[in-house]
Amino acid sequence: MKVKIFDPFSTPKRMNRAYLLTGGNLGKRWDNLLTAFKHISDRCGKIVAQSAIYETAAWGKEDQQPFLNQVLIVETSLSPETLMQTLLDIEQTMGRVREEKFGPRIIDIDILFIDDMILDAPILQLPHPAIAQRRFVLVPLQELAPNFIHPVYRQTISDLLAACPDRLDVKKFSPPTQN
């Protein structure tokens, strides 16, 4: 049995709020998002909010199956770089193979924001550089945080969505029924 002794002089770990986008278009897309959710919850921190799941047309390479996407908000004590590496490990555990840019994938997990951090590191750029150009990111993000201010553009998510040049279809997805 482990006993944790409270130390009033210790500094508690700072919790960051990470905004993640999960998505994929291979295999059982719905099940893959659920599996990613469980891995993120187990390994990254507490999921405090989740958007609806959206079916979205493929972006960047449009001659492929539509994606399912979802935004998750996670409270995490992991550093940005450690969080990114953990998410890459989850993708690999789930069978992600990187063959071509914007190509089909079983799972993709991107960090959109961590609080209002601006970071340019070898493994990670914050905020994610393509947020403002992608409706499949902005629609579920607006559902959870319409008034969140992008730390670089200094605009709300709602304003970014209204000005987004991407016109690809993004619609709420109904989960498969269980028999």
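By convention here, the first residue in the shown sequence is residue 1.
- Judged purely by distance below 3.5 Å, without hydrogens or angles, the side chains of Ser158 and Gln142 pair a donor atom with an acceptor atom.
- In this pair, Phe148 and Tyr19 present their aromatic rings tilted. The plane angle is within the 30 to 60° band.
- Between the side chain of Thr86 and the backbone N or O of Thr82, at least one donor-acceptor pair lies under 3.5 Å.
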Would you mind writing out the side-chain donor-acceptor pairs for residues 115-126 within the sub-3.5 Å range, not counting sequence neighbours?
{"unit_1": "Asp115", "atom_1": "OD1", "unit_2": "Arg17", "atom_2": "N", "d": "3.0"}
{"unit_1": "Asp115", "atom_1": "OD2", "unit_2": "Arg14", "atom_2": "NH2", "d": "3.2"}

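- Closest approach of Leu87 and Cys44 over heavy atoms only: CD2-SG, 3.8 Å.
- Atom-to-atom distance recorded for Met84:CE and Leu78:CG is 12.0 Å, nearest 0.5 angstrom.
- The closest side-chain donor-acceptor pair between Asp159 and Thr156 falls under 3.5 angstrom.
- If you take CG on Leu141 and CD1 on Ile157, they are separated by 4.0 Å, rounding to the nearest 0.5 Å.
- Considering every non-hydrogen atom in both Pro104 and Leu26, the closest pair reads CB-CD2, 3.7 Å.
- Residues Leu20 and Val71 fail the side-chain proximity criterion, which asks for heavy atoms closer than 4.5 Å.
- Annotation: the span from Gln65 atom CD to Asn25 atom CG amounts to 7.0 Å, rounded to 0.5 Å.
- At a threshold of 4.5 Å between non-hydrogen side-chain atoms, the residues His128 and Ile111 do not count as touching.
- With a 4.5 Å cut-off on side-chain heavy atoms, Asp108 and Glu91 count as touching.
- Closest approach of Phe67 and Gly23 over heavy atoms only: CD2-C, 4.4 Å.
- Ile53 contributes atom CD1, which lies 14.5 Å from atom NZ of Lys171 (distance to the nearest 0.5 angstrom).
- The 12-atom threshold is not exceeded at CD of Gln92, counting heavy atoms of other residues, nucleotides or ligands nearer than 6.0 Å.
- Using a 4.5 Å heavy-atom cutoff, the side chains of Phe136 and Leu168 are not in contact.
- Counting only distance, with no hydrogens or angles, the side chain of Asp166 and the backbone of Arg135 share a donor-acceptor pair below 3.5 Å.
- Taking every heavy atom of both residues into account, Phe113 and Ile131 meet most closely at CZ-CD1, 3.5 Å.
- Between the side chains of Asn16 and Glu75, no donor-acceptor pair of N or O atoms lies under 3.5 Å.
- Sorted by first and then second residue, the salt bridge (charged side-chain N to carboxylate O under 4.0 Å, His left out) pairs involving residues 41-59 (not counting sequence neighbours) are Arg29-Glu55, Lys38-Asp42, Arg43-Asp89.
- Residues Ile109 and Ile40 form a side-chain contact, since some pair of their non-hydrogen atoms from C-beta on lies under 4.5 Å apart.
- At distances below 3.5 Å, at least one donor-acceptor pair connects side-chain atoms of Thr22 with backbone N or O atoms of Gln70.
- Using a 4.5 Å cut-off on side-chain heavy atoms (C-beta onward), Asn32 and Met94 make contact.
- Residue pairs satisfying the salt bridge (charged side-chain N to carboxylate O under 4.0 Å, His left out) criterion with at least one member in residues 138-154, sequence neighbours excluded, are absent.
- Leu33 is listed as a side-chain neighbour of Ile107, based on a closest heavy-atom distance under 4.5 Å.
- Heavy-atom minimum distance, Pro129 versus Tyr153: O-OH, 4.4 Å.
- Ser41 contributes no side-chain N or O that, together with a main-chain N or O of Phe37, makes up a donor-acceptor pair within less than 3.5 Å.
- For the atom pair Ile114 CD1 and Ser79 OG, the distance stands at 8.0 Å (nearest 0.5 Å).
- The two residues His150 and Pro127 make their nearest non-hydrogen contact at CE1-CG, 3.3 Å.
- A side-chain contact (heavy atoms from CB on, under 4.5 Å) with Cys164 is found for exactly one of Val139, Leu138, Val137, namely Leu138.
- In this structure, NZ on Lys28 lies 10.5 Å from OG1 on Thr35, to the nearest 0.5 angstrom.
- For the 3.5 Å distance criterion, the side chains of Thr56 and Asn69 qualify, holding a donor opposite an acceptor.
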